[in-house]
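Values reported hereafter were calculated over all heavy atoms of this structure, with side chains retained and with hydrogens, waters and symmetry mates removed. This is a predicted model, so every value here is computed, not measured.
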Amino acid sequence: MARTLDSTPAADGYRMPAEWAHHAGCWLVWPERPDNWRLGGKPAQAAFTAVATAIAQTEAVTVAVSARQYDNARSQLPEHVRVVEMSNDDSWMRDTGPTFVVNDDGDVRGVDWVFNAWGGLVDGLYFPWAADDAVARKVLELEGVDRYRAPLVLEGGSIDVDGEGTVLVTEECLLSAGRNPDLTRADIEQQLRDHLGVEVVVWLPYGVYLDETNGHVDNFCRFVRPGVVMLTWTDDETDPQFERSAAALKVLESTTDARGRSFEVVKIHQPGPIFITEEESRGVDSIEGTLPREAGDRLAGSYVNSYIGNDLVVLPVFEDPHDDAAVAAYTQLFAPRHIVTVPGREILLGGGNVHCITQQQPSGR
């Protein structure tokens with residue numbers, strides 16, 4: 001039976017492994033929220049099904065789904081994808097699910113962060129969020145995995161680790177007013193050390209332009225392997241993204257990781273810019289208290305928002321001129337894993353992409 005522990009992962013000898021470490025499986029949440037997903041979520045459900053089907057080629061996949069959508073999800077997803085009933089407010093398992101940690105013996109535990117919809121009543125994206133805050137605990141109980149309840153508002157998309165003591169974050173997100181206003185930067189660093197088992201926190205100033213999560217690092221800059229990161233980039237110096245990416249590059253070029261390595265930075269040119277169409281906007285229910293999806297709004301598109309699975313990487317593409325270059329870069333960076341592309345636009349319209357909707361469960365091996 002899963003226990004709730006009073007200590008911290010680091011104190012118990014646990015650390016968050018890199019995403020490329022072997023997975024026991026992957027978790028997603030089924031999309032249905034009509035004020036975020038257009039046309040009652042139907043196009044997004046097809047996209048989520050494509051992602052789940054791709055990942056399930058090499059690891060077990062579980063999709064959590066509300067009671068009212070259970071039969072629909074079960075009929076769309078492949079038979080070998082597990083479907084479990086679970087209350088939720090929206091479908092971002094990276095941010096609402098647990099962060100799994102492991103020790104040297106291969107034991108696995110989970111960190112349950114406080115979730116407040118990316119900013120609570122200050123600049124959060126919806127209210128209420130209590131069902132989403134309970135998702136991590138339910139996942140851990142279903143898996144029989146011991147749980148740490150961290151005293152920190154944090155989402156899984158706001159951290160990226162190399163498995164060797166280094167974590168990437170953005171100041172824009174972790175220091176935002178709606179998350180942990182009573183904590184200093186040093187306080188937050190200590191919580192990261194305690195709950196991720198890291199030694200070095202690399203603070204990038206910003207994330208992707210107009211990212212509604214306050215600049216999650218998983219949409220912007222991620223580890224490929226220890227010492228090597230991929231960074232969302234644009235060559236257009238008039239684009240607001242250029243300054244953000246250049247600021248991150250400056251930090252990375254002047255920083256070393258927990259093992260004393262300098263960073264090799266691989267620039268991945270952003271798609272687009274991508275904008276919401278009139279038709280797409282009309283398909284979303286307009287409800288007071290949630291972020292509107294209006295025609296002409298720029299979306300925070302990125303190829304960095306991918307999933308590193310067992311023997312494959314799932315990469316979103318956008319029918320964009322930069323798609324081919326992204327696929328070529330991934331093919332080289334992640335060999336011998338093979339690259340599986342999925343349509344990314346429908347997930348992007350909801351505010352994220354492939355990495356945001358997935359959460360890996362390491363095997364500990």
Side-chain angles (χ1 to χ4, degrees), residues 2-27 93-115 136-137 139-140 143-171 173-175 179-180 183-204 216-218 221-229 252 255-261 263 308 355 358-365:
R3 303 169 295 167
T4 297
L5 306 168
D6 293 329
S7 52
T8 66
D12 295 340
Y14 284 76
R15 65 189 181 280
M16 182 183 176
E19 193 163 320
W20 53 81
H22 188 267
H23 301 170
C26 176
W27 284 80
M93 183 59 90
R94 177 68 50 181
D95 295 343
T96 62
T99 295
F100 291 94
V101 291
V102 302
N103 67 8
D104 289 340
D105 294 328
D107 302 316
V108 180
R109 292 178 176 174
V111 178
D112 175 5
W113 311 100
V114 179
F115 179 78
R137 181 172 190 169
V139 168
L140 295 172
E143 293 297 323
V145 173
D146 290 342
R147 165 182 174 260
Y148 299 95
R149 176 61 164 174
L152 186 71
V153 176
L154 188 110
E155 308 89 34
S158 69
I159 53 175
D160 199 72
V161 302
D162 66 353
E164 296 188 357
T166 308
V167 62
L168 299 171
V169 302
T170 69
E171 296 172 350
C173 180
L174 267 63
L175 303 182
R179 285 176 171 82
N180 300 285
L183 299 183
T184 66
R185 177 180 172 132
D187 293 335
I188 293 171
E189 280 203 16
Q190 190 57 54
Q191 291 289 348
L192 295 174
R193 293 189 185 99
D194 290 343
H195 290 89
L196 301 177
V198 296
E199 302 156 37
V200 171
V201 182
V202 179
W203 293 87
L204 306 178
H216 270 188
V217 81
D218 74 338
C221 182
R222 297 190 43 217
F223 283 105
V224 173
R225 53 185 175 274
V228 181
V229 299
L252 292 164
T255 305
T256 55
D257 67 12
R259 301 290 178 93
R261 289 174 292 232
F263 288 105
I308 307 170
H355 196 254
T358 54
Q359 180 61 268
Q360 71 275 3
Q361 181 174 344
S363 64
R365 292 189 281 118

> Nearest heavy-atom pair of V145 and G110: which atoms, and what distance?
Replying inline: CG1-N, 3.6 Å

> Which value, rounded to the nearest 0.5 Å, describes the distance between T96 atom OG1 and R137 atom CZ?
Replying inline: 15.5 Å

> Mind checking whether V224 and W20 have side chains closer than 4.5 Å, heavy atoms only?
Replying inline: no

> What closest approach, in Å, do P98 and A136 show between heavy atoms, and which atom pair accounts for it?
Replying inline: N-CB, 3.5 Å

> Out of R3, H195, R109, which residue meets the side-chain hydrogen bond (donor to acceptor under 3.5 Å, both in side chains) rule with Y148?
Replying inline: R109

>> Could you check whether any side-chain heavy atom of P226 comes within less than 4.5 Å of a side-chain heavy atom of R259, counting everything from C-beta outward?
In response: no

> Looking only at heavy atoms, which two atoms of G197 and A10 are closest? And how far apart?
Replying inline: CA-CB, 4.3 Å

>> Please report the interatomic distance CG(L192) to CD1(I159), rounded to the nearest 0.5 Å.
In response: 7.0 Å

> Would you say N103's side chain and D105's backbone share a donor-acceptor pair under 3.5 angstrom?
Replying inline: yes

> Any idea which heavy atoms bring E199 and A258 closest together, and the distance?
Replying inline: OE1-CB, 4.1 Å

> Shortest non-hydrogen contact from V114 to A150?
Replying inline: CG2-O, 3.5 Å

>> Can you tell me how far apart CG (L174) and CD (E155) are? Round to the nearest 0.5 Å.
In response: 8.0 Å

>> Are the side chains of V111 and T8 in contact, using a 4.5 Å heavy-atom criterion?
In response: no

> For D187 and Q191, does a side-chain donor sit closer than 3.5 Å to a side-chain acceptor?
Replying inline: no

> So which heavy atom on L252 is nearest to which on C221, and how close?
Replying inline: CD1-SG, 3.9 Å

> Do V139 and M93 come within less than 4.5 Å of each other through their side chains, counting heavy atoms only?
Replying inline: yes

> Does a side-chain heavy-atom distance below 4.5 Å link F223 with F263?
Replying inline: yes

> Please walk me through it: do H216 and R94 pass side chain to side chain contact (heavy atoms under 4.5 Å, CB included)?
Replying inline: CA-CA 11 Å; H216 270 188; R94 177 68 50 181; over 6 Å; no

> Do V169 and V217 come within less than 4.5 Å of each other through their side chains, counting heavy atoms only?
Replying inline: no

> side-chain contact (heavy atoms from CB on, under 4.5 Å) with V198: which of V167, T166, D257?
Replying inline: V167

> Does the side chain of I188 come within less than 4.5 Å of V201's, by heavy atoms?
Replying inline: no

>> So does E164 get a backbone contact from the side chain of D162, meaning a donor-acceptor N/O pair under 3.5 Å?
In response: yes

> Side chains of M16 and V101: closer than 4.5 Å at any heavy-atom pair?
Replying inline: yes

>> Whether the side chain of R149 engages the backbone of W113 through a donor-acceptor N/O pair (distance < 3.5 Å, no angle test) should be reported.
In response: yes

> Quick one: CZ on R222 to CG on D160, what's the gap to the nearest 0.5 Å?
Replying inline: 5.0 Å

> So how far is it from E189 CD to R185 CZ, rounded to the nearest 0.5 Å?
Replying inline: 6.0 Å

> OG1 of T255 to CG of L168: how many Å apart, nearest 0.5 Å?
Replying inline: 10.0 Å

> Is a donor on one side and an acceptor on the other found under 3.5 Å between the side chain of Q361 and the backbone of F100?
Replying inline: no

